[in-house]
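Residue numbering restarts at 1 for every chain, and letters A, B, ... go by the order of the sequence lines.
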There are 2 protein chains.
Amino acid sequence: MTDFSSVAMMRQNTLRRVLREILLRGPISRAELARITGVSKPTMSEVFRELEEDGWVQVSGRRQGKVGRSAMVYSVAPQRALVFGADVGGTKIRAALVDMTGEIVAETVVATEPSGGDFVVAQIADLADDLAREADVGRSRILAGTIGLPGAFDAATGRLMMVPNIEGLEGSAIRDRLEARLGFSVSIGNDVNMAAKGEQWRGAGAGLSSFAFIALGTGIGMGVINENRILSGARGAAGEIATLPVGADPYDSRTFRSGALETAVGSAAIKDRYEALGGERDLDVRRIIDRLSEDDHRAARVLDEVARCVGAAILAVCAVVDPARVILGGSIGSRQEVLSRVRMAVAGCMPAPPSITISQLGSRAGLLGTLAEGSENLWNELFEADGDSGLVRQRAGGEAGEVA
Amino acid sequence: MTDFSSVAMMRQNTLRRVLREILLRGPISRAELARITGVSKPTMSEVFRELEEDGWVQVSGRRQGKVGRSAMVYSVAPQRALVFGADVGGTKIRAALVDMTGEIVAETVVATEPSGGDFVVAQIADLADDLAREADVGRSRILAGTIGLPGAFDAATGRLMMVPNIEGLEGSAIRDRLEARLGFSVSIGNDVNMAAKGEQWRGAGAGLSSFAFIALGTGIGMGVINENRILSGARGAAGEIATLPVGADPYDSRTFRSGALETAVGSAAIKDRYEALGGERDLDVRRIIDRLSEDDHRAARVLDEVARCVGAAILAVCAVVDPARVILGGSIGSRQEVLSRVRMAVAGCMPAPPSITISQLGSRAGLLGTLAEGSENLWNELFEADGDSGLVRQRAGGEAGEVA
DNA sequence: CGCATTAGTTCAACCCGTTTACAAATATGT
DNA sequence: ACATATTTGTAAACGGGTTGAACTAATGCG
């Protein structure tokens with residue numbers, strides 16, 4: 001909305017406007033920016049002085065070769081503001097730091113603390129410290145962070161519900177706990193939603209404003225992006241498609257709690273189906289899919305059945321949210337053998353099926369999503385928010401200083 | 001984003017900020033507003049002078065009874081800016097004008113021009129004229145409008161697709177045509193989405209930020225509100241749940257084009273089912289439902305079957321978008337006899353079903369939704385947009401004047 | 001009727017951005 | 001090599017918008 005109209009706010013706005021343009025347009029001179037934005041040259045110089053003093057921009061060269069005086073070229077100091085992202089899974093935590101230009105300056109993977117709860121919170125905080133050290137930047141330069149977690153984060157109550165795999169987080173005010181430990185503003189996202197966001201940032205969803213990401217592995221889950229926003233639902237449970245009435249009778253008491261679709265296409269279901277057809281016992285799902293190349297007709301039949309269920313699920317998803325594309329991920333969903341069968345199935349039940357592709361980022365999708373989400377939040381805070389974004393501290397009798 | 005920081009913009013911002021506060025806080029004095037907003041008294045008086053000169057605010061009384069000098073109390077001139085809304089159906093067009101306080105100042109219903117196309121466009125334009133006359137306001141005071149239409153409006157291409165019931169609109173750039181005729185900025189919305197918006201504005205969705213509205217009549221359709229925004233989908237086809245894989249095999253070639261769910265629960269399906277059970281022929285669906293009170297076991301069985309399908313559809317919708325509530329509307333959906341059966345069905349397939357209620361606005365829901373949507377658009381244009389919102393014309397050697 | 005209190009105006013001062021003018025630096029043409 | 005056109009960047013004067021302080025106006029209260 002419109003910001004405060006006080007005189008002091010005007011400079012704050014100019015600072016934001018100029019910094020944003022430098023970020024968007026890359027290395028640029030003051031005169032050039034003055035022409036583009038309409039801000040006068042004297043003001044531009046003054047603004048650059050403040051931004052440079054505060055460490056936001058730095059000289060990155062001189063423009064030469066053209067007629068006239070050579071220009072000082074400035075660019076944003078990428079490490080002035082960093083964003084922390086972490087994708088917390090039941091077994092692994094992936095974490096990284098990204099700078100303002102979108103470059104990942106440090107990344108790591110560790111095993112999740114099996115004790116869960118506060119141990120995981122502490123572990124995440126340590127990761128932030130480690131990464132800052134690794135990237136050789138001040139810890140205080142991390143201004144925002146996003147944590148991806150399995151489960152539904154209810155923004156209204158601030159609590160994380162339905163958390164599988166990690167002990168001691170069910171019903172926890174995880175955001176507040178993390179903020180207290182990390183010392184910067186934290187947002188929480190569902191792991192599959194984050195994977196969708198990641199694919200949009202630099203994966204199979206690049207350039208799309210509305211699409212769905214379906215993670216098909218042990219279980220099944222979905223993240224939907226609609227008009228560039230994550231579809232969250234009233235309790236943060238949107239995309240929990242395990243319960244879709246597909247593959248089994250939804251009114252059957254056996255599927256009442258576990259979810260019809262998941263009992264039809266989850267890893268356990270695939271194994272069960274394979275064994276029921278007389279296939280080898282205790283075989284990993286990956287191995288079952290591998291056997292397709294050995295002309296295992298049982299594996300082929302099982303996969304066909306699974307694909308028909310996934311196809312119907314995609315039909316349902318398209319009926320409700322109309323995605324431009326469906327991206328398949330997860331250990332099963334990202335198999336080419338599954339994709340081709342799903343495409344076939346979808347062609348059999350939809351007159352105008354969406355494009356269907358495989359995740360480009362694999363297991364890193366979730367992490368990249370948290371980085372994208374965190375960067376977006378920081379961007380909004382710096383450039384879109386009302387009032388004082390704390391870009392450059394108001395000088396009250398002193399020098400300009402740190403960020404809020 | 002942040003607006004232009006030029007000096008001239010500062011006053012524009014102050015105007016917007018002040019006008020918005022007056023709208024939100026109702027009748028208020030200048031001194032009071034100065035205290036609340038932090039804007040100084042001299043500036044506040046100057047701003048009020050401009051707003052009054054331009055007709056945005058007017059004196060509405062004096063504050064007396066308190067110690068000290070009595071204050072002039074101002075409020076927004078409600079008819080300074082009006083919004084036009086129209087819900088265009090196959091047989092009827094409902095249209096209305098709403099002022100800035102949200103009060104409907106004129107409303108009408110007419111039969112839709114059967115010739116369709118340009119005739120309907122002209123008809124809508126005439127309605128705007130008629131309503132302005134009826135409300136006794138200048139036609140130019142209508143600053144924005146929203147038209148609800150059946151079909152999917154693809155914002156990317158600007159064209160309306162899949163239009164049933166109205167001739168000559170398929171594939172049309174309907175927004176541009178309407179804007180040309182109406183002379184103010186127009187937005188297009190799907191009729192069911194508009195009904196959902198209407199229920200949120202002043203119906204069964206009041207106070208909810210995420211819910212679904214399901215229209216069950218001749219066909220079946222849905223509008224979803226997620227985080228106060230309409231879920232549109234990539235091609236504006238979100239909520240077209242006629243094709244949900246419920247009630248029939250989605251891979252059956254007979255339901256390939258018509259949609260599994262719609263062939264199971266549409267009016268035609270209900271009649272067919274009833275007749276197949278040996279019920280009276282050529283009976284209106286409304287009459288079939290009426291017969292429940294006469295202990296017609298065939299009607300009961302048909303309705304139970306339909307409710308089970310709707311229940312499974314709601315399960316699917318909840319799995320995908322997690323609404324806080326499902327509102328049933330349309331000629332069939334708004335029947336109490338249907339609601340109770342659907343509630344029963346849902347309890348049989350969901351551990352934690354959403355609340356399910358009947359539309360409070362009936363056939364006016366769509367119209368109210370267009371008014372809500374149009375008001376929201378105007379609000380954004382006036383108060384949230386970048387740069388010059390044209391609230392008060394820049395004085396260039398003359399008096400302040402009209403709006404853009 | 002005087003006083004405390006609140007509403008609203010006048011005026012000088014300040015901050016920010018712009019315009020204009022000018023100094024500094026660089027490529028180009030002769 | 002040198003003048004010239006061109007561009008960058010700074011200095012000074014100016015103007016618009018907001019503010020704080022001082023002031024006038026109006027009202028309730030004792």
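The CZ atom of A:Arg11 sits 18 Å away from the P atom of C:dC14 (whole-angstrom rounding). Atom CZ of B:Phe48 and atom P of C:dA7 are 13 Å apart (whole Å). One interatomic measurement links the two molecules: CE of A:Met10 to P of D:dT19, which rounds to 11 Å at whole-angstrom precision. Atom CE of B:Met9 and atom C1' of C:dG17 are 15 Å apart (whole Å). Taking atom CG of residue B:Asn13 and atom C1' of nucleotide D:dT18, one finds them 13 Å apart after rounding to whole Å. Between A:Glu52 atom CD and D:dG9 atom P the separation is 12 Å, expressed in whole Å. Put simply, CZ on A:Arg35 is 15 Å from P on C:dT19, counting in whole angstrom units. Taking atom CD on A:Glu46 and atom P on D:dT8, their separation rounds to 20 Å, with Å as the unit.
Here B:Arg63 does not reach the OP1 or OP2 of C:dA7: none of its side-chain N or O atoms lies under 4.0 Å away. Considering only side-chain N and O atoms, A:Ser40 lies nowhere under 4.0 angstrom from the phosphate OP1 or OP2 of C:dT19. A close approach under 4.0 Å does occur between a side-chain nitrogen or oxygen of A:Thr43 and OP1 or OP2 of C:dT18.
Ranking D:dT10, D:dT18, D:dT19 by closeness to the B:Val39 side chain, first place goes to D:dT19. Comparing atom distances between the A:Ser45 side chain and each of C:dT9, C:dG8, D:dG9 picks out D:dG9 as nearest. Taking only side-chain atoms of B:Pro42, from C-beta outward, the nucleotide of C:dC11, D:dA11, D:dG9 with the closest atom is C:dC11. Looking at the side chain of B:Val7, the nearest of the listed nucleotides D:dG20, D:dG15, D:dT8 is D:dG15.
With respect to A:Arg25 and A:Glu32, no salt bridge is recorded, no charged nitrogen being found less than 4.0 Å from a carboxylate O. Taking the charged nitrogens against the carboxylate oxygens, A:Glu179 and A:Arg175 do have a contact shorter than 4.0 Å, which makes a salt bridge. Residues B:Glu53 and B:Arg49 are not paired through a salt bridge, judged by the lack of any N-O separation under 4.0 Å between the basic side chain and the carboxylate. Salt-bridge check for A:Glu50 with A:Arg11: passed, with a basic side-chain N closer than 4.0 Å to an acidic carboxylate O.
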ask   = For B:Ile147 and B:Phe84, what are the C-alpha separation, side-chain angles and deciding distance, and is it a side chain to side chain contact (heavy atoms under 4.5 Å, CB included)?
value = CA-CA 8 Å; B:Ile147 316 294; B:Phe84 174 71; 3.9 Å; yes

At a cut-off of 3.5 Å, list every protein nitrogen or oxygen paired with a nitrogen or oxygen from nucleotides 24-28 of chain D, distance to 0.1 Å.
{"unit_1": "D:dA25", "atom_1": "N3", "unit_2": "B:Arg69", "atom_2": "NH1", "d": "3.4"}
{"unit_1": "D:dA26", "atom_1": "N3", "unit_2": "B:Arg69", "atom_2": "N", "d": "3.3"}
{"unit_1": "D:dT27", "atom_1": "OP1", "unit_2": "B:Ser70", "atom_2": "OG", "d": "3.1"}
{"unit_1": "D:dT27", "atom_1": "O4'", "unit_2": "B:Gly68", "atom_2": "O", "d": "3.3"}
{"unit_1": "D:dT27", "atom_1": "O2", "unit_2": "B:Gly68", "atom_2": "N", "d": "3.3"}

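Counted by atom type alone, B:Gln200 and B:Asn228 present one or more donor-acceptor pairs between their side chains at under 3.5 Å. Side-chain contact annotation: A:Arg63 with A:Ser29, donor-acceptor N/O pair under 3.5 Å absent.
Nearest-nucleotide mapping onto DNA chain C: of B:Ala71 and A:Val47, the residue sitting toward the 5' end is B:Ala71. When each of B:Met44 and A:Glu32 is assigned the nucleotide of DNA chain D with its nearest heavy atom, A:Glu32 is the one assigned upstream, toward the 5' end. Toward the 5′ end of DNA chain C lies the nearest nucleotide of B:Lys41, the other residue of the pair B:Lys41 and A:Leu15 mapping further downstream.
The environment of A:Arg229 atom CZ is sparse: at most 12 non-hydrogen atoms of other residues, nucleotides or ligands sit within 6.0 angstrom.
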